[in-house]
There are 2 protein chains.
Amino acid sequence: MTGRKSYHHGNLHQELLEEATRMIGEQGVDGISMRALAERVGVSRTAAYHHFKDKNALLCAIAEQGFEKWQAHFAQQMHEQSGDMNGWLKAFVHAYLDLSWKYPEEYDLMFGRPVWKNGEPTESLRAASFACFQHYVDLIRSWQGKGKFSKDIDGLRLAQVSWSMLHGMSRLLNDGIYLDRNSIDAMSDSAVEMILAAAAV
Amino acid sequence: MTGRKSYHHGNLHQELLEEATRMIGEQGVDGISMRALAERVGVSRTAAYHHFKDKNALLCAIAEQGFEKWQAHFAQQMHEQSGDMNGWLKAFVHAYLDLSWKYPEEYDLMFGRPVWKNGEPTESLRAASFACFQHYVDLIRSWQGKGKFSKDIDGLRLAQVSWSMLHGMSRLLNDGIYLDRNSIDAMSDSAVEMILAAAAV
DNA sequence: CAAATTATCTTGACAGTGTCAAATTACCAT
DNA sequence: ATGGTAATTTGACACTGTCAAGATAATTTG
């Protein structure tokens with residue numbers, strides 16, 4: 001009846017990740033508990049602790065997957081619009097806000113406090129998240145190299161500030177502070193213009 | 001021995017707010033619990049519930065005070081540098097990041113999820129926080145009126161996007177993602193330049 | 001001034017939570 | 001078959017927020 005074929009679940013690690021991701025999508029990061037998760041998977045309260053040191057470790061693992069998905073997504077998008085920098089930037093900003101809006105709970109986990117401040121992030125999460133950002137930095141620098149972006153401004157700074165802008169918008173939107181969904185397109189455009197204006201060659 | 005002169009505390013409401021603010025400064029938003037707070041004030045576990053409907057209501061009240069302090073601070077700073085718009089913007093950006101860095105836990109409470117997403121924010125908190133932002137919008141618009149900012153861009157958009165930038169930077173800094181404290185001055189300058197570039201007349 | 005009402009605070013209780021220690025069960029290599 | 005190890009469970013502890021009911025003080029009313 002239950003999916004368990006044997007005492008040993010056989011695939012608990014993976015199934016925990018999947019079910020937890022599902023729960024986060026449904027009830028948010030705070031709506032997840034080790035006990036409820038265990039019950040949904042059909043296993044005892046503390047079973048998960050043999051696959052993840054902590055609740056934090058579990059959350060880190062999910063966040064890590066999130067970053068990998070994001071990177072894959074943006075890498076593909078970059079591939080499709082490789083030539084046109086102007087168009088790519090617009091698409092990137094739009095996609096960033098769109099994704100963070102469509103999957104607010106996952107975004108919240110990836111960039112949220114529970115993982116980053118309270119429970120120290122896993123080393124592998126650090127790596128995955130940083131790789132995501134590093135790609136962005138490299139891209140900007142390559143455009144500077146090609147003369148499409150001004151070299152007067154440090155590429156890293158531009159990446160930091162522009163990412164901050166997108167992050168801030170996403171958070172304010174998702175949390176319902178100041179910004180509202182209706183003007184999201186107009187704000188996207190303003191954001192793009194702002195980045196371009198700052199990097200005008 | 002205890003500060004209580006009588007059965008009725010006499011000033012519980014205020015003292016709860018103060019002690020809670022202190023606790024948040026020390027241990028962060030998540031480090032606060034109704035029970036621990038009650039004990040520190042020297043009162044029983046559930047005494048606070050006669051002054052605040054919820055834990056959420058308490059947090060909202062503290063956040064509200066935070067917004068009022070912020071607004072007062074920026075209003076005074078605005079007063080000191082009333083003439084020079086360029087200088088004010090620089091001072092504003094610097095002060096924003098400085099404050100959110102100095103009081104990360106309070107900032108986290110004011111703009112954080114526990115209040116805005118999970119437990120719905122109090123109506124009065126909504127008002128206080130929005131007033132804070134509205135002042136910023138009005139200021140930008142007045143500069144547009146004086147011809148110091150371009151009128152091509154909508155003042156509200158500019159306010160939204162630039163505030164998002166500051167908010168994003170604050171969060172990334174405080175949570176330890178991507179940005180690091182060492183380059184905060186350089187990032188501040190880049191942020192200012194970016195805003196000015198977008199609003200160049 | 002006495003009685004009743006109201007505001008304030010306490011005690012008890014319940015359903016949750018994360019997580020550790022020890023016992024239990026199943027698998028795997030010798 | 002027999003150890004040994006990996007996986008899972010049960011029990012327990014110290015927390016959490018918050019509700020309901022009782023206890024106490026202040027305040028209003030007669």
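Labels below follow one simple rule: chain letters A, B, ... track the order of the sequence lines, proteins then strands, and each chain is numbered from 1. Quantities reported herein were computed from a predicted structural model and do not represent experimental measurements.
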J.: Distance check needed: C:dC9 P versus B:E15 CD, whole Å only.
T.: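 Value for this atom pair: 11 Å.
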J.: Expressed in angstrom and rounded to an integer, what is the separation of B:E39 atom CD from C:dT11 atom P?
T.: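 Taking CD of B:E39 and P of C:dT11, I get 12 Å after rounding.
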J.: Could you tell me whether B:Q14 atom CD has more than 12 heavy atoms of other residues or ligands within 6.0 Å of it?
T.: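 Check passes, neighbour count above 12.
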J.: Please pick, from D:dT9, C:dG18, D:dT16, the nucleotide with the shortest atom-to-atom distance to any side-chain atom of B:A36.
T.: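 Comparing D:dT9, C:dG18, D:dT16 against the side chain of B:A36, the answer is D:dT16.
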J.: B:Y49 OH to C:dG12 C1': how many Å, rounded?
T.: 15 Å
J.: Is B:Y49 close to B:M34 at the side-chain level, that is, under 4.5 Å between some pair of heavy atoms?
T.: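 Touching, per the 4.5 Å side-chain cut-off.
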J.: From the options C:dC9, D:dT8, C:dT11, select the nucleotide whose nearest atom is closest to the side chain of B:V43.
T.: C:dC9
J.: Please report whether the ring centroid of A:W88 lies less than 6.0 Å from that of A:F74.
T.: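 A:F74 vs A:W88: aromatic centres not under 6.0 Å.
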J.: If I take atom CE in residue B:M34 and atom C1' in nucleotide C:dT10, what distance separates them, rounded to the nearest angstrom?
T.: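 To the nearest whole Å, that distance equals 15 Å.
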J.: What does the list of N/O pairs under 3.5 Å between the protein and nucleotides 14-16 of chain C look like, with a distance for each?
T.:
none

J.: Taking the nucleotide of DNA chain C with the closest heavy atom to each, which residue, A:N56 or B:H51, is nearer the 5' end?
T.: B:H51
J.: Whole Å only: how far is the NZ atom of A:K55 from the C1' atom of C:dT19?
T.: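 Rounding to the nearest Å, NZ of A:K55 and C1' of C:dT19 are 12 Å apart.
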J.: Between the protein and nucleotides 3-5 of chain D, are there any N/O to N/O pairs under 3.5 Å, and if so, what are the atom names and distances?
T.:
none

J.: In terms of heavy-atom contacts, does NZ of A:K90 have more than 12 from other residues, nucleotides or ligands at under 6.0 Å?
T.: no
J.: Can you tell me the distance, in whole Å, between the CG atom of A:L58 and the C1' atom of C:dT19?
T.: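 The distance from CG of A:L58 to C1' of C:dT19 comes to 14 Å, rounded to the nearest Å.
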J.: With side chains defined as the heavy atoms from C-beta onward, is the minimum distance between B:L172 and A:H167 less than 4.5 Å?
T.: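 When only atoms from C-beta onward are counted, A:H167 and B:L172 do touch, with a gap below 4.5 Å.
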J.: For the rings on A:H135 and A:F130, is their centre-to-centre separation under 6.0 Å?
T.: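 Ring centres of A:F130 and A:H135 not closer than 6.0 Å.
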J.: Has the side chain of A:H50 got a donor or acceptor atom sitting under 3.5 Å from an opposite partner on the base of D:dT8?
T.: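 Pair found.
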J.: Counting only heavy atoms not in A:K55, do more than 12 fall under 6.0 Å of its NZ?
T.: yes
J.: Using both distances under 3.5 Å as the test, list the Watson-Crick or G-U wobble partner of D:dG30, or none.
T.: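 C:dC1 - that is the nucleotide pairing with D:dG30, both distances being under 3.5 Å.
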J.: How many angstroms lie between atom OG of B:S190 and atom CG of A:L158, to the nearest 0.5 angstrom?
T.: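 Between B:S190 OG and A:L158 CG, I get 8.0 Å after rounding to 0.5 Å.
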J.: Report the distance from atom CG of A:L16 to atom P of C:dG18, rounded to the nearest whole Å.
T.: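 Atom CG in A:L16 sits about 13 Å away from atom P in C:dG18.
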J.: Once you round it to whole Å, what is the distance between C1' of C:dG18 and CG of B:D30?
T.: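 Distance, rounded to whole Å: 14 Å.
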J.: Is the number of heavy atoms from other residues, nucleotides or ligands within 6.0 Å of OH (B:Y103) greater than 12?
T.: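 Check fails, neighbour count at 12 or below.
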J.: Would you say the base of D:dT8 and the side-chain of A:T46 have a donor-acceptor pair closer than 3.5 Å?
T.: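 Such a pair does not exist between side chain and base.
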J.: Identify, with sequence neighbours excluded, every residue that meets ring pair (Phe, Tyr, Trp, His ring centres under 6.0 Å) alongside A:W163.
T.: A:Y96, A:F133, A:Y136, B:Y178
J.: Check every atom of D:dT8, C:dT11, D:dT10 against the side chain of A:L12 and return the nucleotide holding the closest atom.
T.: D:dT8
